[in-house]
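Here is the structure we will look at.
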Amino acid sequence: MAKEPVRVLVTGAAGQIGYALVPMIARGVMLGADQPVILHMLDIPPAAEALNGVKMELVDAAFPLLKGVVATTDVVEACTGVNIAIMVGGFPRKEGMERKDVMSKNVSIYKSQASALEQHASPNCKVLVVANPANTNALILKEFAPSIPAQNITCLTRLDHNRALGQISERLNVQVCDVKNVIIWGNHSSTQYPDVNHATVKTPSGEKPVRELVKDDGWLNGEFITTVQQRGAAIIKARKLSSALSAASAACDHIRDWVLGTPEGTWVSMGVYSDGSYNVPAGLIYSFPVTCCNGEWTIVQGLAIDEFSRKKLDLTGAELSEEKELAYSCLS
């Protein structure tokens, strides 16, 4: 029996990430090859014509799973009945802007979008925030959509997770699918902590720890971490545009694993609402290792945290606490 279509909202849909993301969703990359979707695409009025162009292309691509497209600049129409919301739209930091200016713009955007989701989305809507500052935008959205369960509001650190997998795979000259259980802790910013202490690689003689195979703690504790932290800036320098294809792919990975579940013995990184695990301040949206089952995520517990890691976890947590204060000051 055919499945009912899932309504998926993408905000900022006419932008670079949105343009890369919507065909992936329509092709079944996000929710599976047997799951029909209805795409809701939202963008700002100046992008209305471009948004209509994206809709035309979706029609022209004749995706069998795509059962409808809503392309609109009206936030209420965009949010009505959606089961999954991927919040790509946001106000980017421009030259000469202070962090507070960017935060203020995004607080107002996420406040209004949260209210629309609160009133018009499906009651159990799953939300993924991609737009930066992603963790804090997600926190603001949670604040103004109180009836959406806190565990349903997440932010994207899967891109950083995938970047970490990619770096290990290149360093060891192994298939990326054979590397697992890296962790991104904290903020989707340059203070995030890519952690390989619990990561393994599948080898002909079984799974081996990444540290044992790399045999270079200097690289793992130094260049590897900074490469992952600053990969977005490196891509902007090379492409003259920010990451789009990889961000869209990571958003699909995040939602797919959340909805369909993580493979046995594997965890992924998600920015989720902290309950105080690993002595991370409760009430922040912080990236943890999680497993997913039946549409719910669970923080992986009991991992040993060494002194080097503890400092990194605390540093990124402190930055998130500062961002939270700054965001809340923009509300008053």
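Residue numbers start at 1 and run along the sequence shown.
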[X] (side chain) donor-acceptor with [Y] (main chain) under 3.5 angstrom:
X	Y	result
Asn83	Val6	no
Thr80	Val76	yes
Lys67	Glu4	no
Gln167	Val228	no

task: For the residue pair Tyr193 and Phe308, categorise the inter-ring angle as parallel (less than 30°), tilted (30 to 60°) or perpendicular (more than 60°).
output: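 Ring orientation, 0 to 90° scale: perpendicular.
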
- request: Can you label the angle between the Tyr278 ring and the Trp185 ring as parallel, tilted or perpendicular, going by 30° and 60°?
  value: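 Rings of Tyr278 and Trp185: perpendicular, as their planes differ by over 60°.
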
task: Report the C-alpha separation of Ser277 and Gln301 in whole Å, then their side-chain angles, then the decisive distance to 0.1 Å, and conclude whether the side chain to side chain donor-acceptor pair (under 3.5 Å) test is met.
output: CA-CA 8 Å; Ser277 293; Gln301 297 293 346; 2.9 Å; yes

message: Does the structure place the NZ or CZ of Lys126 under 6.0 Å from the centre of the six-membered ring of Trp258, at an angle of no more than 45° from the ring's axis?
response: yes

message: Suppose we screen for side chain to side chain contact (heavy atoms under 4.5 Å, CB included). Which residues come up paired with Gln151, at least two apart in sequence or across chains?
response: Pro149, Trp297

task: List for me each residue that meets side chain to side chain contact (heavy atoms under 4.5 Å, CB included) alongside Ser321, sequence neighbours excluded, and say none if there are none.
output: Pro281, Leu284

Electrostatic pair [X]-[Y], nearest N-O below 4.0 angstrom:
X	Y	answer
Lys105	Asp101	no
Asp195	Lys312	no
Asp216	Arg171	yes

query: Looking at residues at least two apart in the chain, or sitting in another chain, which of them share a ring pair (Phe, Tyr, Trp, His ring centres under 6.0 Å) with His40?
result: none

